[in-house]
Structures are given as structure tokens and as C-alpha cells.
Amino acid sequence: MDDSVKKKRENPFPQTAPGTEAAIGHVLDNSIPLSIFPICSDKLCICVCGLPARGKTHIARRIARYLEFFHAVPVSVFDVAEYRRKLGFQRIPDLRSIEDQETSKKCYDNALCDLEEFLRAHDNGVGIYDASSITHAIRHRIKCKVQSIGCKLMFIQVENDDPKFLSDQYKLTAVSSPDYADINDSPEAEEDYRLRVQSYEAHYERLCDCHSIESKWSFLICDHSKQHYVVHNVRGHLPLKVVNFVINLRTTSHAFYLSRHGQSEYNVEGRIGGNSGLSEHGVNYAKKLAKFVDEELKRDKDGNVVPARLWSSTMRRTVETTQFITNETIIVKDEHDDSLEHEWVQMRLRQWFHLDEIFAGACDGMTYAEIEEQYPEEFELRKHDKLAYRYPRGESYLDVIARLEPIIIEMERHREPLLIVGHQGILRIIYAFYTGLKRAEAPYVSIPLNTVIKLVPTAHDIKVERKTLYRPTIHLPSDGQDEIPEDQRPIDTSVNLDPPSH
């Protein structure tokens with residue numbers, strides 16, 4: 001070869017793929033979606049404040065999970081209620097008592113000390129301070145502490161004076177809060193909590209832009225009952241992401257249902273990807289799913305008809321799985337004005353490209369045996385880092401996480417029961433997000449055929465139920481989605497990834 005040509009082809013200073021240095025723990029040749037990795041090294045403190053029973057803890061924990069999963073930043077929630085329980089005080093303080101006021105101050109200070117330690121230890125950490133912080137003086141003390149460590153601060157004040165919402169919150173606390181575990185689900189618990197909340201109301205000083213000092217701060221005031229939000233002096237990529245997420249949140253829990261499509265023609269042959277239709281067994285499952293929808297989603301526990309939603313990917317096998325679900329028109333009352341009524345089409349299908357299966361690129365339509373034979377290097381790479389591995393001219397699980405962020409926000413925005421008919425790779429990410437799994441665990445979650453998974457996120461935990469709707473009378477062949485053996489999975493897998501069916 002001519003020396004001049006050879007010299008021209010040399011590349012002594014190659015560029016690495018964009019984002020590979022940000023993907024700590026992954027060894028990659030391909031680029032990654034940078035939107036789901038930290039883009040700056042600023043510390044941020046989010047102080048979630050407001051009266052008790054307004055949904056602060058629910059919002060604080062949803063923010064934490066969102067930032068941790070979709071933006072890969074170190075996040076920790078400092079819930080003052082947890083500090084109170086550690087000191088042996090089970091109930092929220094009754095501020096009519098001087099002793100309880102002192103207890104409250106001690107809990108605030110202990111949480112602040114741990115918040116400071118966390119933020120000093122993480123250059124790009126996000127500390128979420130979950131406390132009522134109902135007076136100007138308390139909030140000013142928090143501001144001074146956070147400023148002393150060179151950290152940005154944003155307040156989120158949660159408001160809600162809707163009588164029905166508050167009544168439901170008092171009942172929910174009496175049933176599910178650790179504060180009332182000793183007298184769980186009793187009128188006594190509900191009334192005690194109500195009186196303690198009233199003691200906070202007597203001392204409450206609202207965060208507002210008319211205050212001479214607080215008017216210079218960065219804050220979001222949100223009242224989800226009125227769909228009323230005040231965004232004041234909030235700047236920067238991550239704070240504005242948080243604002244968008246909180247505005248789309250619901251402060252009450254509702255159910256999500258996840259289902260894979262019925263068995264497809266490619267499942268029968270053990271092939272991945274493709275756009276095949278349903279097999280005979282897949283059609284049988286679709287009929288069972290429609291019956292389940294009629295009984296479970298379209299009616300509440302008392303048998304009353306309720307509005308419900310249906311989403312799927314744009315692919316044949318998911319759309320065909322929804323074919324037997326009926327679309328009756330019902331009348332529903334307006335969310336904000338009971339005197340108004342609207343028509344609602346039950347389970348009207350909404351198709352999302354975002355929910356399409358992970359794209360296998362050059363391997364689309366192949367079996368894993370064929371991939372191992374024709375692309376042995378790719379097969380090994382996928383085994384070693386399934387989360388970040390990208391198929392040739394295809395996608396990785398990290399790519400899927402990036403495209404599912406807007407789907408999660410849409411899921412949080414609605415209040416009706418929602419059924420998503422999707423694909424294993426996609427539903428794994430959604431399941432992992434809501435159940436608190438790490439990103440690295442998501443590719444190994446079991447999402448079997450013929451099964452519906454019900455998720456109900458609450459402020460303190462998430463309820464998960466699995467129900468198998470269709471059991472063929474004959475043994476079905478492997479669907480081609482078999483997972484890497486146990487000894488090759490991530491070492492830190494610490495949860496039961498496939499709880500038994502209910």
C-alpha cells in the first residue's frame with residue numbers, strides 16, 4: 001500500500017462514542033442516549049413542604065424515583081417522619097404541645113444534618129427534604145443550611161383544600177401509615193390524625209412571592225385539586241424537568257395493568273422482534289383479556305361502571321391482542337364541576353410508537369441460536385452487558401429507557417385505570433421503574449405471556465398482583481425470550497424478579 005494512502009487512513013487520535021465516559025460501569029463502542037445520564041455536576045436540594053395530608057411524601061418519592069431511574073443521579077429522600085419514628089414518636093407532633101414542638105425541631109435538625117452529609121458526599125447529588133416546613137422561619141433555616149454547602153435549592157409547596165381529597169387522605173393514613181399501625185383502620189386513628197393536622201393549620205405560614213425574603217427564592221406551588229401551579233424563579237435543566245414531572249403527577253394512587261401481547265407467530269418459532277400476528281393461542285388469550293377488562297377495569301370494587309384507558313404499541317401482535325375489547329360510550333361527570341357531563345368511549349385504543357418492542361436491528365426475526373451462530377461476538381457482548389448492549393443497527397435497553405420517559409409522565413398524568421398491551425422488553429422497563437428496581441435489573445424481569453400484572457403505587461410502597469388469564473391444555477414451546485441463566489445475572493439482584501401468579 002502506498003505510504004501516503006496508509007498515512008491518510010491512520011487515526012492516532014480517535015473520538016470515543018458520545019456519552020461512553022458518562023456510562024460508568026459499561027464498556028461500549030456505541031454511543032448512548034445522554035438524556036438519561038447526568039448532564040451537569042450541580043448539587044440540588046428539593047424541599048417538599050406544606051401541611052400534612054396533602055400528598056407531600058407521595059410527590060417526594062415519585063420525584064426521587066424519576067430522577068434516579070431516568071437521569072441516573074444520586075438521590076436520597078430525607079423524610080422527617082422517619083426521623084420522628086426513630087426517636088420513638090409514632091404520631092405526627094401535636095403543635096399545641098410545647099414538648100411536641102421541641103420534638104419536631106429535633107427531627108428537622110437531624111434530617112438536615114444527614115441531608116448536608118449526603119450533599120457534601122455527592123457532587124451531582126439531589127437531596128429531597130420531605131417535611132412540613134410550615135413557617136417562614138423554618139424554611140429560612142433550611143435555606144441557610146443548604147446555601148452553606150454551595151447547593152441550589154428549590155421549594156415545592158403542596159397545597160390541597162378539597163374536602164373529599166382530605167377526607168380520603170385521613171382515611172388512607174389511618175389504614176396504611178406506619179404512624180397508626182397499632183390502631184390500624186379505625187375511627188380513632190382517623191380522628192386523631194385530623195386533630196393533629198388542625199394543629200399545623202393554626203401555625204401555617206404560606207410560601208409566597210409576596211414575602212420580602214421568600215420572593216427571591218426558587219419555588220413551585222402546586223394544588224393538583226385545582227390544577228393550579230405557580231412556578232417562581234425556577235431555572236436550569238434538572239429543576240425544570242422536576243417541575244414538568246410534578247405538574248403531571250396525580251397525588252392519589254391508581255392502578256396500572258401491564259400485559260404482553262398474546263402468543264405471536266414468531267413466538268411459536270422462537271424468533272425475536274418482527275411484526276407477526278397472533279397464533280391460535282394468542283387469539284385465545286386476547287378473548288380472555290377482553291373478559292378480564294370488562295370485569296376488572298371497567299367497574300370499581302362496588303360494581304359501578306368507571307372510565308378506563310387502553311394503550312398499545314403500533315405493532316400487529318399488540319393491536320390484535322386488543323381486538324375483542326369493547327368500546328362502549330358512557331357518561332361521566334366533569335372532574336371539576338359535577339353539574340357538567342361528558343361522553344367517554346371506554347378503552348378507546350391509543351397506539352404509541354414509544355411502546356414498540358426494542359428493535360433488534362440486523363438480528364430482527366432471528367432466533368437466539370441463529371444470532372449466536374452468525375454474530376458470535378455480538379452474542380457474547382449482549383450476555384456481558386444486557387442493559388447497555390445495542391443490537392447492530394438496532395437499540396439497547398438504555399435507548400428504550402430514553403424513549404419511555406414521556407410515556408411514564410403520561411401514565412402519571414391520568415387518573416383512570418390503564419391497561420398497557422406491550423412487549424416484554426418495554427414492560428420490563430415500566431415494571432422496574434414502578435417497583436424500585438435498578439436499571440441493571442430491568443432486563444431480567446419476567447413478564448410472561450398470558451399474564452396481567454397490576455401495579456398500584458402508593459406513598460409508602462407499591463402493590464403488585466399477577467394473574468394468569470390463559471392456561472393452554474398443551475405445553476407451548478419456548479417463545480424465544482428465555483433469559484440468561486441465574487449465574488450470569490447481575491450479582492446485586494436482591495429482589496424476587498418473578499413473584500408467583502395470584
Side-chain angles (χ1 to χ4, degrees), residues 55 160-169 222-229 244-259 261-262 283 285-356 404 406-422 426-427 430 434 452-457 467 469:
N160 196 319
D161 57 7
D162 178 68
K164 184 180 184 308
F165 173 84
L166 293 177
S167 177
D168 290 344
Q169 285 293 96
C222 54
D223 185 338
H224 290 83
S225 68
K226 300 174 182 174
Q227 298 295 295
H228 177 70
Y229 308 96
N244 179 59
F245 182 70
V246 172
I247 286 176
N248 283 286
L249 272 179
R250 287 281 178 177
T251 51
T252 53
S253 60
H254 61 291
F256 304 119
Y257 297 82
L258 309 180
S259 170
H261 52 80
V283 172
Y285 174 71
K287 293 176 181 178
K288 294 286 187 181
L289 181 63
K291 184 174 183 293
F292 174 83
V293 166
D294 285 340
E295 296 172 353
E296 180 81 13
L297 272 81
K298 294 180 180 178
R299 295 184 180 276
D300 62 18
K301 61 183 180 181
D302 298 319
N304 301 313
V305 175
V306 294
R309 295 179 182 270
L310 173 63
W311 294 355
S312 81
S313 75
T314 66
M315 309 191 81
R316 280 183 61 194
R317 54 192 182 275
T318 58
V319 175
E320 289 181 9
T321 302
T322 70
Q323 64 184 297
F324 300 107
I325 297 174
T326 55
N327 307 115
E328 305 87 358
T329 299
I330 63 173
I331 303 299
V332 297
K333 291 186 179 298
D334 186 83
E335 181 180 358
H336 304 292
D337 186 349
D338 285 345
S339 65
L340 298 177
E341 295 181 335
H342 308 283
E343 287 190 348
W344 175 279
V345 179
Q346 287 282 55
M347 304 299 284
R348 178 164 48 191
L349 180 61
R350 183 173 183 182
Q351 299 179 36
W352 294 84
F353 288 107
H354 299 72
L355 293 173
D356 287 354
L404 283 181
I407 288 292
I408 294 295
I409 291 175
E410 282 294 302
M411 289 175 66
E412 293 285 355
R413 187 171 68 85
H414 298 301
R415 64 173 181 168
E416 298 82 14
L418 167 66
L419 169 64
I420 299 178
V421 179
I426 305 304
L427 299 182
I430 296 173
Y434 279 105
V452 173
I453 302 173
K454 180 180 179 180
L455 305 176
V456 184
K467 187 171 185 178
L469 302 185

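Because the structure is a prediction, the values reported are computed rather than measured. In this chain, residues are counted from 1 in sequence order.
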Can you sort out the partners of [X] under salt bridge (charged side-chain N to carboxylate O under 4.0 Å, His left out), two or more places apart, ordered by chain and number?
{"X": "R413", "answer": "E410"}
{"X": "K164", "answer": "D168"}
{"X": "D294", "answer": "K298"}

For the atom pair [atom1] ([X]) and [atom2] ([Y]), what is the distance rounded to the nearest 0.5 Å?
{"X": "H228", "Y": "I247", "atom1": "NE2", "atom2": "CD1", "result": "11.0 Å"}
{"X": "I409", "Y": "L404", "atom1": "CD1", "atom2": "CG", "result": "11.5 Å"}
{"X": "E341", "Y": "D334", "atom1": "CD", "atom2": "CG", "result": "10.0 Å"}
{"X": "L427", "Y": "H261", "atom1": "CG", "atom2": "NE2", "result": "8.5 Å"}
{"X": "I420", "Y": "I407", "atom1": "CD1", "atom2": "CD1", "result": "7.0 Å"}
{"X": "E412", "Y": "L418", "atom1": "CD", "atom2": "CG", "result": "11.0 Å"}

Could you tell me whether the side chain of [X] and the main chain of [Y] form a donor-acceptor pair under 3.5 Å?
{"X": "D356", "Y": "T314", "value": "yes"}
{"X": "D302", "Y": "N304", "value": "no"}
{"X": "H224", "Y": "V246", "value": "yes"}
{"X": "Q323", "Y": "E320", "value": "yes"}
{"X": "S312", "Y": "V421", "value": "no"}
{"X": "N327", "Y": "Q346", "value": "yes"}
{"X": "Y434", "Y": "L455", "value": "no"}

Show the nearest heavy-atom pair for residues [X] and [Y], with the distance to one decimal.
{"X": "M347", "Y": "L297", "value": "CE-CD2, 4.0 Å"}
{"X": "P457", "Y": "F256", "value": "CG-CE1, 4.0 Å"}
{"X": "P417", "Y": "P307", "value": "CD-O, 3.4 Å"}

Please examine the side chains of [Y] and [X], heavy atoms only from C-beta on, and report whether any two atoms are closer than 4.5 Å.
{"X": "W344", "Y": "R309", "result": "yes"}
{"X": "L349", "Y": "T318", "result": "no"}
{"X": "L419", "Y": "L289", "result": "yes"}
{"X": "V452", "Y": "K454", "result": "no"}
{"X": "Q351", "Y": "F353", "result": "no"}
{"X": "S225", "Y": "F165", "result": "no"}
{"X": "N160", "Y": "Q169", "result": "no"}

Q. Above 12 or not: heavy atoms from other molecules or residues under 6.0 Å from CZ of R348?
A.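 No.
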
query: Does atom CD of E343 have more than 12 heavy-atom neighbours from other groups under 6.0 Å away?
result: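 Atom CD in E343 is not crowded, with 12 or fewer foreign heavy atoms closer than 6.0 Å.
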
Please work out whether the ring planes of Y257 and F292 are parallel, tilted or perpendicular, with thresholds of 30° and 60°.
->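 Perpendicular.
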
- Item | Sidechain N-carboxylate O distance under 4.0 Å for D161, K226 |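 Yes, charged N to carboxylate O under 4.0 Å.
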
